[in-house]
Amino acid sequence: METKKMVLERKALESSVIEEAADRLRRGELVAFPTETVYGLGADARNEAAIRKIFEVKGRPSDNPLILHIAELSELDELSREVSPKARALMEKFCPGPITFVVKRSDGVSDLVTAGLDSVAVRMPSDEIARALIRAAGCPIAAPSANVSGRPSPTDAEAVWEDLNGKIPLILDGGRTEVGLESTVVDVTGETPVILRPGKITPEEIAKVWQGVSVEEASAEVPRSPGQKYRHYAPKAKMTVFVGRFDDVVQRILLEEAKAELEDWKIGILCFDESRDRYRSHDVISLGSYFDKEAVSHNLYAALRQFDEWGVDVIFAETTDEKGLGLAIRNRMYKAAGGNVVEVAR
Ligand code: TXA
Ligand code: MG
């Protein structure tokens, strides 16, 4: 299959391009498109043959449910049989935006989308291209991140191309995504909200609207969000994340760098602007200033893919604290490292 890439300017969305993409979706084809978080691989949520293709193309386990993307909150009524007033208040506060709500499903939603669960995940993206596409298609769009399962989520059209060239007919290119990490997933079916996957919308922000919010432990044995159990977002190299006081972490990585040099390994170092110049290795990537978490989340996945391209054997990584967006950054870095985290003592 030939994969076509069509570039879209955000300022002047070309309706003929959106129409072609929407038309393909309605015909049961898959289309990759930008959202404000990461690129999605979309299919008409009412078309089961199209949904099957998503799982095939990504190599995604069928027990991992999909998010439905809508353009207006009113479209939720068709997908969910019950949304509590508190849940509604959260939606009104944060939609459109980088957050996904797990609600009780209605009978009309396909079992393939929900992986047989009694709930369904719904998200209303703020990205104009995503919204125009959903509107033009006239149906909810089921869309996981547009990567092959296990690879870092794509934050630009080139990354989608790397993973899916030849496997899908169309990629809409809207440039680099703003947030860079997948949406916050919050279960709003209970008495209090539970964050199943941290993201740009933080527990602190959610608590201002609905108190009692909790964050599901990443180590839960039976995660309520099935996607959390897979090793995810992973680069090919063995990655280790070092946690501790900033200076202690840098010292420790310098030590690991020296040891790895003796082994003749190709070393990748993931750090911040503040420490960048302290490392000797050739393949060093700074995610931005340690104090600029927006920049760090924006840059993380592209950095992991860059290390793959360079073919490094090991990655030694610094990380942020867990405040605000830091919770999501750490969550993704820990997963990329497959849980390989070292606490550096003083
Ligand atoms: O930012 C995003 O959310 C991106 C863009 C494309 O919208 N999408 C995305 O989809 O990250 P995906 O499929 O890569 O991740 C969806 C996550 C998975 O962890 C999945 O297990 C969880 O949402 N999920 C989906 N439906 C669920 C449900 N009914 N209950 C609990 N978790 C659910
Ligand atoms: Mg994904």
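Worth knowing before you read on, the calculation uses all heavy atoms, side chains too, and leaves out hydrogens, waters and symmetry mates. Numbering of ligands and ligand atoms starts at 1, following listing order.
The residue from Ala115, Pro34, Pro61, Pro65 that puts a heavy atom closest to atom 33 (C) of ligand 1 is Pro65. Comparing Ala143, Ala146, Ser119 against atom 28 (C) of ligand 1, the shortest heavy-atom distance belongs to Ser119. Scanning Ala130, Gly116, Ser183, Gly199 for the heavy atom closest to atom 2 (C) of ligand 1 points to Ser183.
Under the 4.0 Å criterion applied to side-chain N and carboxylate O atoms, Asp248 and Arg252 are not assigned as salt-bridge partners.
Listed here is the closest heavy atom pair of Val250 and Ser275: CG2-CB, 3.9 Å.
Residue contacts with ligand 1 include His69, since one of its heavy atoms falls under 4.0 Å from the ligand. In this structure, Asn64 counts as a contact residue of ligand 1, since one of its heavy atoms falls inside 4.0 Å of the ligand.
Between the Mg ion (ligand 2) and Ser153 there is no N/O/S contact shorter than 2.8 Å.
Atoms of ligand 1 lying under 4.0 Å from any heavy atom of Leu117, numbered from 1 in the order shown and given with element: 28 (C), 29 (N), 30 (N).
Contacts with ligand 1 closer than 4.0 Å are made by side-chain heavy atoms of Leu196 only, the backbone lying farther away.
Shown here are the side-chain contact (heavy atoms from CB on, under 4.5 Å) partners of Glu92, two or more places apart in sequence or in another chain: Leu73, Arg88.
A chain of hydrophobic side-chain contacts below 4.5 Å, direct or via other Ile, Leu, Val, Met, Phe, Trp or Tyr residues, connects Val342 to Val241.
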